[in-house]
Amino acid sequence: ELVLSHDPSPQMASVLQQSLNQMEKHYAADPAAAHDLVAVGEKPRDAAIPQPELAAWTMVVSEVLNLDEALNK
């Protein structure tokens, strides 16, 4: 809601949920890929969040930020 300035439509919410589920499965099966993704950045990651979960959320947030609705031209 904060990025798009509105609640996602039911269809968009469903697609994002499916994407999150898929990413969680992917990163749970490939912990090295999750580690590589969350190791990037200036601040250390929150160790309380499992790396596969954080990597999955990182990818979903990236999807949202890349929507035309979120781009500031």
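- Of all heavy-atom pairs spanning A55 and V38, the tightest one is N-CG1, 3.7 Å.
- Scanning all heavy atoms of the two residues, the minimum distance from I49 to R45 falls at O-NH1, 2.8 Å.
- Residues A13 and P8 come closest through the heavy atom pair N-CB, 4.2 Å.
- The distance from atom NZ of K25 to atom CG of L20, rounded to the nearest 0.5 Å, is 11.0 Å.
- Here the shortest heavy-atom pairing between A28 and P52 reads N-CB, 3.9 Å.
- To the nearest 0.5 angstrom, D46 atom CG is 11.5 Å from Q51 atom CD.
- Residue M23 holds its CE atom at 11.0 Å from OG1 of T58, rounded to the nearest 0.5 Å.
- In the hydrophobic clustering of ILVMFWY residues, with side-chain heavy atoms under 4.5 Å counting as a link, V3 and L16 come out together.
- In terms of hydrophobic clustering, with Ile, Leu, Val, Met, Phe, Trp and Tyr side chains grouped at heavy-atom distances under 4.5 Å, V15 and W57 are assigned to different clusters.
- In Q22, the CD atom is not crowded: 12 or fewer heavy atoms of neighbouring residues, nucleotides or ligands sit closer than 6.0 Å.
- Rounding to the nearest 0.5 Å gives a distance of 3.0 Å between OG of S19 and CD of E63.
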task = Let me see the working for V64 and E69 under side chain to side chain contact (heavy atoms under 4.5 Å, CB included), right down to the final yes or no.
result = CA-CA 9 Å; V64 172; E69 297 172 64; over 6 Å; no
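- With hydrophobic clusters built from ILVMFWY side chains whose heavy atoms lie under 4.5 angstrom apart, Y27 does not share a cluster with V60.
- Checking side-chain atoms of N66 against main-chain N and O of S62 turns up a donor-acceptor pair under 3.5 Å.
- With hydrophobic clusters built from ILVMFWY side chains whose heavy atoms lie under 4.5 angstrom apart, L65 shares a cluster with M12.
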